[in-house]
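Remember, it's 1-based here, ligands and their atoms both numbered in the order they're listed.
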Amino acid sequence: MAVSQLVGAKIHRREDPRLITGHGHYVDDFTRQGTAYAAFVRSPHAHARVKSIDVTDASKAPGVVGVYTARDFKGQLAGTHPAAPAFTAAKKYVPERSPIAETEVCYQGEIVAAVLAESRGQAADAAQMIQVDYEEMPAVMDLEKALKEGSSKAHSDGPDNIGWDIPYTGPEVTEAAFKEADVVIVKQRILQNRLAPVPMEPRGVLAEYEGFDKKLTMWMSSQNPHFIRLFVSGAMGLKESQVRVISPDVGGGFGSKISPYPEDYLVPALSRIAERPVKWIETRTESIQNATHGRGQFYDVEVAAKKDGTLSAMRMTQYLDLGAYHGTFGGFQAVACLMAGGAYRWPGGISARTIGILTNRVPTDPYRGAGRPEATHLVERMVDLVAAELKMDPVEIRRKNFIQPNEFPFTQHFGLVVDSGDYEKALDVALKLAGYDELRKQQAEGRKQGKLLGIGFSTWIELCGFGPSAATAPATGGIALVESAQVRVTPTGSVIVYTGTHAHGQGHETTFSQIVADQLGVPMESIELHHGDTGEGTSFGYGTYGSRSLAVGGVAVSKAVGKVIDKGKKLAAHMLEAAEEDVVYENGSFHVKGSPDKAKAFGEVAFASYGMSLPPGMEQGLEAVAYFDPPNLVWPFGTHIAAVEIDPETGNAQLQKYIAVDDCGNIINPMIVDGQIHGGVAQAIAQALYEEVVYDDETGQLKTGTLLDYSIPGIGEIPKMDLDHTVTPSPTNDLGVKGIGEAGTIAASAAVINAICDALSPLGIKHVDMPASPDRLWHMMKGASK
Ligand code: MCN
């Protein structure tokens with residue numbers, strides 16, 4: 001790359017002036033003439049048989065265009081809702097899912113009917129007039145009961161409730177280590193609370209089917225427009241080229257907008273049936289009830305450690321609440337098993353098993369971090385439990401067991417290869433930033449006065465940058481999540497970049513432009529980044545999730561720019577009457593080596609590329625396409641430290657200090673990276689202290705269906721964070737970058753809960769589950785003091 005000027009600089013996000021002055025364009029801002037509005041009738045029951053649906057009154061309601069039930073979509077939508085190929089072989093039971101239920105509903109919120117009307121209000125009113133006769137059935141809500149023989153079934157025609165059961169390695173692998181004489185064995189059940197992603201903008205779809213041309217255009221709030229085009233075109237019997245999916249500005253997704261949803265099929269089908277554009281915008285309650293949830297798991301973990309503090313072996317089983325159907329990418333959550341070893345060696349091995357359990361809740365699917373926050377949480381909790389058992393300092397036990405810098409690339413127990421790392425370096429920077437020794441002194445002083453002060457660590461690692469064919473294809477049944485980019489230079493030197501990734505808050509317009517501007521030596525103002533529209537640019541994009549955009553998509557962009565420069569060199573050599581190998585490109589100009597005056601500016605070469613005076617055999621134009629299939633995933637890491645004080649009267653845990661030292665390789669924009677950390681940490685603090693989707697254990701009724709009951713924290717609950725970075729470039733890509741979009745979420749819950757456990761240790765409390773709400777902590781403290 002050229003000498004960096006912009007890469008590494010704290011540049012304000014280019015997209016912000018547009019977005020914060022109300023000039024963004026979200027799905028609901030788009031209108032088409034003659035639009036009808038959709039409302040959906042959803043099951044109020046977690047599990048019921050649909051006996052009959054009476055649409056008579058609704059059909060006659062003011063403004064109603066039509067009322068539709070499952071029968072009306074037959075012939076319109078083929079196939080069933082997809083479940084990603086991961087774990088196909090090990091899936092026991094994959095219930096078929098249709099976008100609209102006909103005879104049985106399996107979670108509260110499942111769609112049974114749709115109404116189209118002239119206005120949104122009329123559609124909502126008419127939906128309430130539809131009479132559905134349900135026969136309630138027992139709801140499966142408890143994961144352990146669901147696994148018992150003879151348990152009620154989440155689907156009446158299912159053999160049982162086991163969606164998958166995969167032993168990655170059996171207990172025999174760790175048997176020797178657990179039998180050694182010199183070990184302590186620590187066991188713990190660890191809960192992962194079910195979470196609602198709550199993006200600022202809920203989902204929404206505007207679909208226009210043009211019958212004469214057989215063309216469908218969809219505007220929707222998605223992280224993954226090309227995948228949606230693939231799924232929807234298949235279901236509607238259209239060619240991909242007949243479907244255009246536009247995902248304009250998107251107000252956050254956090255993983256919940258990766259997969260296709262029932263409405264993504266029903267709205268375009270309604271447009272084809274009614275021969276009108278159709279719009280549906282999700283309400284907040286619909287969003288909490290129906291957008292896929294994250295986490296919703298528990299783990300049984302057992303660790304054998306030597307008395308000198310060497311972590312020897314681990315056995316773990318993941319019990320994952322799939323909800324009523326397999327999430328399209330729900331299988332990814334089992335990656336927690338592969339990541340359970342964390343930053344440590346585990347010479348005695350790891351035995352891991354994942355069981356996916358069908359219940360009558362809304363399906364779970366990736367939510368920011370997916371699998372990796374769970375892995376970090378469990379390993380970091382277990383390390384602290386072992387340290388407490390052996391009366392070791394949590395820092396000392398971590399240092400003793402870290403994979404060392406000279407051991408990379410490090411092959412983990414399940415065959416994944418960690419590309420690079422220096423875990424102790426990040427720990428040291430964090431300890432310094434936290435003033436660790438002083439913090440411990442303050443804790444000791446505070447304890448004398450009866451204060452409940454705790455310090456918690458999370459020395460986290462992550463796998464991201466999905467995904468190289470070498471690493472992902474075996475798990476996805478042959479699908480590699482490579483990424484493509486297209487760079488087009490206009491005759492006057494403007495640069496249009498198309499990427500197959502999709503920004504919905506991550507700032508790609510800024511960071512990708514920084515890369516291009518530096519590489520081409522042109523101002524950022526002459527670069528435009530386009531994404532999110534399957535009708536333009538790249539022929540297929542793999543979307544944004546798994547912190548892949550920079551490490552895969554950004555690198556693809558850089559490779560495409562490299563091709564443009566290569567062509568520019570050939571042309572410049574022709575223009576300068578020099579040999580191609582003598583031409584160098586620096587700071588926006590092609591010049592002959594050693595003769596900086598013999599030069600052609602980038603704009604001159606761009607202009608000439610569209611003219612007649614080209615070298616023999618060269619085509620006009622200056623543009624290039626590149627695909628990038630990295631050789632490996634990228635592996636960020638870091639250390640987070642939380643300091644907490646718990647009020648003994650109320651149980652309220654107040655974070656006093658939060659330190660985050662992260663390593664995402666070379667940094668393109670430190671301001672954006674810090675913003676990603678802030679957001680991710682806030683979401684994990686929310687999981688640790690406040691958020692939980694709660695259903696009634698018996699009836700399966702959602703109890704937290706509004707933001708009055710589902711408590712997302714405000715700015716008052718989130719502490720100031722002290723951030724720093726170490727830089728360990730990834731050897732897997734030319735930019736040396738790793739992902740950062742999920743790091744905060746992956747790291748922080750363990751630091752917070754470890755701090756809370758440390759604070760409560762004088763009371764004999766060893767483990768606290770999430771959310772560590774005032775209510776939960778107060779009851780634990782009362783129980784402990786009895
Ligand atoms: N970056 C950088 N230098 C690095 C690494 C990243 O400057 N070494 C920059 C990137 O160029 C990009 C941003 O940081 O602008 C995040 O990059 P990356 O880690 O590649 O992650 P993605 O862009 O692929 O984003 C996905 C990730 C995920 S998986 C979720 S979920 C998530 C998240 O990002 N959802 C978000 N961050 C979010 N932020 C917002 N505002 N809204 C969401 O829905």
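Within the listing of ligand 1, atoms 15 (O) sit less than 4.0 angstrom from a heavy atom of Gly507. Numbered from 1 in the order shown, with element, the atoms of ligand 1 that lie under 4.0 Å from a heavy atom of Lys738 read 4 (C), 5 (C), 8 (N). Contact atoms of ligand 1 toward Asn666: 4 (C), 8 (N) (distance under 4.0 Å to a heavy atom of the residue). Counting atoms of ligand 1 from 1 in the listed order, those under 4.0 Å from a heavy atom of Tyr545 are 29 (S). Of all atoms in ligand 1, listed by their number and element, those nearer than 4.0 Å to a heavy atom of Cys664 are 4 (C), 8 (N). For ligand 1, the atoms closer than 4.0 angstrom to any heavy atom of Gly252 are 44 (O). Listed by number with element, the atoms of ligand 1 under 4.0 angstrom from any heavy atom of Gly255 are 31 (S).
The closest approach between a heavy atom of Gly679 and any atom of ligand 1 is not below 4.0 Å.
Ligand 1 has a nitrogen or oxygen under 3.5 angstrom from a nitrogen or oxygen of Gly253. Checking only distances, His508 does come within under 3.5 Å of ligand 1, N or O to N or O. For ligand 1, the polar-atom distance check finds no N/O of Gly665 at less than 3.5 Å from any of the ligand's N/O atoms. Considering backbone and side-chain N/O of Gly741, one or more are found under 3.5 Å from N/O of ligand 1. For ligand 1, none of its N or O atoms has an N or O atom of Phe512 under 3.5 Å away. In terms of polar-atom proximity, Leu550 is counted as a contact of ligand 1, with an N or O under 3.5 Å from an N or O of the ligand. Ligand 1 has no nitrogen or oxygen under 3.5 angstrom from a nitrogen or oxygen of Gln223. For a threshold of 3.5 Å applied to N or O pairs, the pair formed by Gly739 and ligand 1 contains no separation below that value. On a distance-only criterion, Ile740 and ligand 1 share at least one N/O pair closer than 3.5 Å. For Ile667, no nitrogen or oxygen atom sits less than 3.5 Å from a nitrogen or oxygen atom of ligand 1, counting backbone and side chain alike.
Between His81 and Tyr325, the distance from one ring center to the other does not fall under 6.0 angstrom. Ring to ring, Phe402 and Phe637 are not that close: their centroids are 6.0 angstrom or more apart. You'll find the ring centres of Tyr542 and Phe466 outside the 6.0 Å limit.
With Ser749 as the partner, the side-chain hydrogen bond (donor to acceptor under 3.5 Å, both in side chains) test is satisfied by one option alone out of Gln683, Arg381, His377: His377.
A salt bridge links Asp734 with Lys559; the closest basic N to acidic carboxylate O contact falls under 4.0 Å. For Arg14 and Glu525, the salt-bridge test fails: no basic side-chain N is under 4.0 Å from an acidic carboxylate O. Using a cut-off of 4.0 Å between Lys/Arg side-chain N and Asp/Glu carboxylate O, Asp724 and Lys432 are scored as not salt-bridged.
Atom 14 (O) of ligand 1 has its nearest heavy-atom neighbour, among Thr510, Ile515, Ile672, Thr511, in Ile672. Taking only non-hydrogen atoms, the option from His502, Glu742, Glu201, Gln506 nearest to atom 32 (C) of ligand 1 is Gln506.
When all heavy atoms of Pro468 and Pro631 are compared, the closest pair comes out as CB-C, 4.1 Å.
Gln676 and His678 share no donor-acceptor pair across their side chains, judged by distance under 3.5 Å alone.
For the pair Arg548 and Tyr545, the cation sits on the ring face: its NZ or CZ lies under 6.0 Å from the ring centre, inside 45° of the axis. A cation-pi contact links Arg203 to Tyr261, judged by a cut-off of 6.0 Å to the six-membered ring centre and 45° from its axis.
Classification of the Phe540-His226 ring pair by plane angle, with boundaries at 30° and 60°, yields tilted.
Looking only at heavy atoms of the protein, atom 21 (O) of ligand 1 is closest to Ser547 CA, 3.5 Å.
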